[in-house]
Amino acid sequence: MAEENIQYTFENPEYRATYWHTCSHVMAQAVKRLWPEVKLAIGPSIDEGWYYDMDAPFAFTPEHLGQIEGEMRKICKEKLKLERFELPRPEALKFMEEKDEPFKVELICDLPEDAVISFYKQGEFTDLCAGPHLDSTGRIKGNALKLTACNAAYWRGDSNRETLQRIYGIAFPKKDELDEYLARIEEAKKRDHRRLGKELGLFMLRDEGPGFPFFLPKGMTLKNILLDYWRKVHKKYGYVEISTPIMLNRQLWERSGHWDHYKNNMYTTVIDDVDFAVKPMNCPGGMLVYASEPHSYRDLPLRVGEIGLVHRHELSGALHGLFRVRCFNQDDAHVFMTREQMQDVIQETVRLFDEVYSTFGLSYTIELSTMPEDHIGTVEEWERNQDILKAAITDMGKDFVINEGDGAFYGPKLDFHLADSLGRTWQCGTIQLDSQLPERFELEYTGEDGQKHRPVMIHRVVLGSIERFIGVITEHFAGAFPAWLSPVQVKLLPVTDRAAEYAGQVSAKLDGLGFRVEVDSRNEKIGKKIREATLEKIPFMLVVGDRDMENGTVSVRRRSGEDLGAMSLEDFSTLLGDEVKTMAIK
RNA sequence: GCUGAUGUGGCUCAAUGGCAGAGCAUCUCACUCGUAAUGAGAAGGUUGUGGGUUCGAUUCCCACCAUCAGCUCCA
């Protein structure tokens, strides 16, 4: 290490970050050697590797990346020492102005007055950088680094500013580790829900409806299983369920604030000269339901769920399989409560989330999203509500990170993020604390004192969008859903035509017991039927042939390949029943 | 929306400025078979859409649409 005595293994996150950060400098140096006209912006290390943003008069291609890698290897072999030095602001500015690096000049200008302005020099290359860095480019293993992608990125993350080119790279201390990493990425791509969705016949997307998914029979079965599960869990937690209209008039959306804040993302139309909007969320409808009758403090907390179909006009470039769509089912619910009940309700909701996620074996990370620039309500109200959310999860011993300024326009929220097969995280659950909409809709309850009071509320989804959640669990299980979720739980595979009728009888019995069964009565060899049922990731295959017909048995094979041998249908249905019971509704 | 790439039968992928191919799937026939692919045959494509260049475009050029990667956004 250049200046600190950090543990010298790659498992040490600080060392890893330093290694990758130095790689980013080596990459920038390589680019400047190859194309001196390229202007450098920023080049940090990230969770997996590093990137460097730069402005080039041409578009980088994979061929360029190969060239850059080659130059990087040379730089590693040159074993250039990295030397840190500091300059006072005027000299620092002059230095980067002379190098004609406008982005660096801007960075220096924006540093606080009292900032130490440091540089790292390696050979002919010097970069503005806070460090730390490795002591020599020779520390980097040249044959264990790879530039993985080049993409666009906005300068300073601002879509109104220059579009730069971002080159991503990854490196390890050993070639084997790089190969292993790349192989892991390839494996993960096989779990992509878009690919599995097609292979397993779950859903499809068509040019005719970008972002509007079609559910195919198996995907629809899965969706319905999730909804059945959802209803059972919510019933247990004291929820009732409603359904509100998919379109409501402009006046309502103006009252809720959505018309002002999100009109551009709403699908609107005119009916009998009145503006209508397809709902982008369910809350205003829920407000109307609450307001439709008087409420007592005895009714609170009032938990009202709604599986609502919402439409949002997302930017075309943001669409992504089932993860980001323009039309989706939210497993929404609004809980109306007194101020005193807030912490209990939030904690109860988090417990519900824990129960649901653990049923699927999913782990999550929590973000607390705070007041955005575009908001309604007072700063004091926001801070009070943020503190309540924070206190509720802190009290439960949960970790969270703060996502500054990312709250909903009406209130702060706890977001629950789940990871996809490539480690990209997607917000699924959210708990949004809201004292604004009850105000706008003049919601009331009668308190113990006989007076009218204003309730507060949370908006919450667990699965988030059913569509996104299906995408997440498809990747999580790599398409091999546990038996309780599998669209088809059992496939009967008659060995010959002679067994077809028997297979039909067995199938009918299992169907009668509530299991999801198919029969593969094609005139194919048993090996082929097994192969295909395995590729369909069906949990149980029942091979039935002459022997089974004689003995009244089924020969059971698991999708893993395990042969459980012949057993009676009763024994099999008990086995399957037990397996399905893993569904965590007690 | 931005930058770049991609778009060929249902699916996965070839090929070419001069008659667009393969495997799987589909259909037909034969085979009746016991734990991951039986064989033979047939059918299936205005090469994303619309323009342009050319004797001729699926190939080259332009626009649009969609998808992919990332950025931005995500009530």
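In the text below, chain A, chain B and the rest are named by the order of the sequence lines, each starting its count at 1. Here the structure is a predicted model, which means the values were calculated and not measured. Excluded from the calculations below are hydrogen atoms, water molecules and symmetry mates; all remaining heavy atoms, backbone and side chain alike, are included.
The partner of B:rU16 is absent, by the rule that a Watson-Crick or G-U pair needs both atom distances under 3.5 Å. Under the Watson-Crick or G-U wobble criterion, with both distances below 3.5 Å, B:rG9 is left unpaired in every strand shown. Base pairing of B:rU47: no nucleotide in any strand meets the Watson-Crick or G-U wobble criterion (both distances under 3.5 Å). If you check B:rA42 for Watson-Crick or wobble pairing at under 3.5 angstrom, you find it paired to B:rU26.
You'll find that the side chain of A:Ala318 is closest to B:rU72, out of B:rU72, B:rG70, B:rA75. Closest to the side chain of A:Arg312, from the set B:rC74, B:rU72, B:rA25, is B:rC74. The listed nucleotides are B:rU38, B:rU35, B:rG1; the one nearest the side chain of A:Tyr154 is B:rG1. Of the candidates B:rU67, B:rA75, B:rA69, the closest approach to any side-chain atom of A:Met281 belongs to B:rA75. With B:rA36, B:rC33, B:rC74 as the candidates, the nucleotide lying closest to the side chain of A:Leu535 is B:rA36. Checked against B:rU35, B:rC74, B:rA69, the side chain of A:Glu314 finds its nearest nucleotide in B:rC74. Nearest to the side chain of A:Lys198, among B:rC11, B:rC71, B:rG34, sits B:rC11. Distance from the side chain of A:Ser159 is smallest for B:rU72 among the nucleotides B:rA75, B:rU72, B:rC2. Nearest to the side chain of A:Asn151, among B:rC74, B:rG70, B:rU72, sits B:rG70. Checked against B:rA69, B:rU35, B:rA75, the side chain of A:His320 finds its nearest nucleotide in B:rA69.
For B:rA42 and B:rU47, the C1' atoms lie 23 Å apart once the distance is rounded to whole Å. When the C1' atom is compared between B:rC60 and B:rA69, the two are found 27 Å apart, to the nearest whole Å. Across B:rC71 and B:rU12, the matching P atoms stand 26 Å from one another, rounded to whole Å. The separation of B:rG51 from B:rU59, taken at their P atoms, amounts to 13 Å, rounded to a whole angstrom. Nucleotides B:rU58 and B:rG17 place their C1' atoms 10 Å apart, quoted to the nearest Å.
Counting distance only, with no hydrogens placed and no angle test, the side-chain atoms of A:Arg324 and the base atoms of B:rC74 include a donor-acceptor pair under 3.5 Å. In this model, a side-chain donor or acceptor of A:Asp548 finds a partner on the base of B:rG34 within 3.5 Å. With hydrogens and angles ignored, a donor-acceptor pair closer than 3.5 Å exists between the side chain of A:Asn523 and the base of B:rC33. Side-chain atoms of A:Arg156 stay outside donor-acceptor range of the base of B:rC71, with no qualifying N/O pair under 3.5 Å.
Aromatic ring centres of A:His334 and A:Tyr290: separated by at least 6.0 Å.
Listed pair A:Ser555 / B:rG34 fails the phosphate criterion, with no side-chain N or O lying under 4.0 Å from OP1 or OP2. The phosphate of B:rU12 has neither OP1 nor OP2 within less than 4.0 Å of any side-chain N or O from A:Lys190.
Using a distance-only test at 3.5 Å, with no hydrogens or angles considered, no donor-acceptor pair links the side chain of A:Tyr181 to the main chain of A:Ala171. When atom types are taken as modelled, the side chain of A:Asp497 and the backbone of A:Ala500 share no donor-acceptor pair closer than 3.5 angstrom.
There is a side-chain donor-acceptor pair under 3.5 Å between A:Thr244 and A:Lys279.
Spacing between atom CG of A:Asp47 and atom P of B:rG70 amounts to 14 Å, rounded to whole angstrom units.
In this structure, A:Gly561 and A:Tyr410 both approach RNA chain B, and ranking their closest nucleotides by distance from the 5' end singles out A:Gly561. Position along RNA chain B of the nearest nucleotide to A:Asp207 versus A:Leu315 favours A:Leu315 as the more 5'-ward residue.
Using cut-offs of 30° and 60° on the angle between ring planes, the pair A:His258 and A:Trp253 is perpendicular. The aromatic rings of A:Tyr267 and A:His311 sit perpendicular, their planes meeting at an angle over 60°, well past the 30° parallel limit.
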